[in-house]
There are 2 protein chains.
Amino acid sequence: MRDTVDDWPTGRLLAVAARLVEQRWREALEERGLSYAGLIVLHTLDAGGRSLGVLARAAHVTAQTMGRTVEHLERDGYVRTVVDAGDRRRRLVERTDAGARVFAEMHGLEARMFPELEQSEQLRATLLEIIRAVGGDPQPPAVTPDSLGL
Amino acid sequence: MRDTVDDWPTGRLLAVAARLVEQRWREALEERGLSYAGLIVLHTLDAGGRSLGVLARAAHVTAQTMGRTVEHLERDGYVRTVVDAGDRRRRLVERTDAGARVFAEMHGLEARMFPELEQSEQLRATLLEIIRAVGGDPQPPAVTPDSLGL
DNA sequence: CTCCATTACTAAGCCTGCTGAATAACTACA
DNA sequence: TGTAGTTATTCAGCAGGCTTAGTAATGGAG
């Protein structure tokens with residue numbers, strides 16, 4: 001009769017847990033005018049400028065979604081985009097100084113915010129298996145998704 | 001240099017995994033004109049009619065979000081709402097015959113869709129700990145959120 | 001019995017996901 | 001060269017999260 005979260009299917013638990021963690025992040029981010037999705041982009045750009053499509057594939061979101069997120073980051077002055085000279089279809093996205101600064105401020109938090117989470121190798125391994133099994137890195141499409149096992 | 005998902009913070013992995021699983025669900029649901037959020041509501045209503053607020057707390061979403069989801073379910077004919085006679089602020093939500101039918105069709109899928117997921121007691125336990133630590137059941141607010149440990 | 005705090009829900013608006021469909025630029029091939 | 005196909009991005013629109021700000025009904029205190 002009692003309908004607690006305890007007897008929910010695992011997929012649903014996954015969604016709720018992810019939402020709660022993200023929400024906690026939001027509280028820390030909003031005072032910098034930054035979103036969780038934006039933080040991910042700034043993090044990815046740490047290694048240098050990237051095109052929109054590359055960013056999208058890295059974050060496992062569609063190009064459309066990434067386009068809008070980058071738009072917002074640009075509006076807020078955290079990234080700038082330039083048309084790729086070699087392939088004018090491409091828009092290269094790079095961090096501004098403000099973007100690099102705000103990322104540096106937030107970066108340390110990733111480990112401090114949920115230390116138990118970061119240290120749980122078991123959980124990380126399981127999540128990575130799920131991601132590979134369900135989503136799969138788009139690079140090797142020859143892998144059968146049935147080879148999971150967990 | 002290579003920026004794969006492997007070295008992402010755990011919270012981010014959680015979000016990606018949840019999104020991928022939900023997306024897989026969506027494919028199976030859309031042909032019935034049902035959303036993932038809607039399925040959760042129909043599931044919760046399996047035990048009988050519930051008010052909007054109760055549904056929201058059960059799903060760990062805000063009352064506003066639940067209001068809209070119920071609105072969509074009602075539009076599609078899967079639930080009906082009636083004003084509670086005893087407390088006219090409340091709107092009781094109950095499944096229609098169509099709602100009960102479509103839920104029955106989908107219900108079995110919960111276990112079949114990702115069998116490995118459902119059987120991983122380890123993962124379930126970890127997710128429940130996260131949910132309790134970060135979100136916490138609103139019922140016992142006396143529990144200190146520091147008592148996690150994973 | 002009246003007044004006020006609380007509770008349940010609604011309204012408006014923002015952000016991030018998605019899909020489907022268009023456009024522009026590049027590439028390959030005849 | 002020219003044309004067809006692929007790839008990168010954008011546009012439009014829907015759903016579901018969230019927040020802040022109302023409104024209406026309840027219920028308790030004086």
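Heavy atoms only: backbone and side chains are in, while hydrogens, waters and symmetry mates are out. None of the values given here were measured: they were computed from a predicted structure.
Rounding to the nearest 0.5 angstrom, the gap separating the CZ atom in B:Arg132 from the CG atom in A:Leu20 is 12.0 Å. Distance CG/A:Leu34 to CZ/A:Arg26: 12.5 Å, rounded to 0.5 Å.
Between the side chain of A:Thr126 and the backbone N or O of B:Leu123, no donor-acceptor pair lies under 3.5 Å. No donor-acceptor pair under 3.5 Å is formed between the side chain of A:Ser120 and the backbone N or O of A:Glu116. Side chain of B:Arg124 to backbone of A:Trp8: a donor-acceptor contact under 3.5 angstrom is found. Between the side chain of B:Thr44 and the backbone N or O of B:Leu55 there is no donor-acceptor pair closer than 3.5 Å.
Salt bridge B:Arg95/B:Asp46: present, at least one basic N to carboxylate O contact under 4.0 Å. Salt bridge status for B:Arg91 with B:Glu74: present, with a side-chain N to carboxylate O gap under 4.0 Å.
In the region residues 12-19 of chain B, proximity to DNA chain C at under 4.0 angstrom, judged on heavy atoms, holds for B:Arg19. Interface residues of residues 26-39 of chain B facing DNA chain D, ordered by number: B:Ser35, B:Ala37; criterion, heavy-atom separation under 4.0 Å.
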For a quick check, with a 4.0 angstrom heavy-atom cut-off, what is the B/S/- contact string for nucleotides 2-14 of chain C, read 5' to 3'? -----BSSBB---
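A nucleotide of DNA chain D counts as in contact with chain B when one of its atoms lies under 4.0 Å from a heavy atom; the first and last such, 5' to 3', are D:dA15 to D:dT26.
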Would B:His60 and B:Ile131 count as a side chain to side chain contact (heavy atoms under 4.5 Å, CB included) here? Give the steps. CA-CA 10 Å; B:His60 285 264; B:Ile131 292 171; 4.2 Å; yes
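Smallest separation of non-hydrogen atoms from A:Arg90 and A:Ser51: CD-CB, 4.0 Å.
The ring pair (Phe, Tyr, Trp, His ring centres under 6.0 Å) pairs that include a residue from residues 68-92 of chain B number zero, where partners must be two or more places apart or lie in different chains.
Between A:Arg88 atom CZ and C:dT27 atom P the separation is 11 Å, expressed in whole Å.
Taking A:Arg80 as the reference, A:Glu94 meet the salt bridge (charged side-chain N to carboxylate O under 4.0 Å, His left out) condition, with sequence neighbours excluded.
Both A:Thr69 and A:Ala85 lie close to DNA chain C; mapped to their nearest nucleotides by heavy-atom distance, the more 5′-ward contact belongs to A:Thr69.
Ring pair B:His107/B:His43 is perpendicular by interplanar angle, where above 60° counts as perpendicular and below 30° as parallel.
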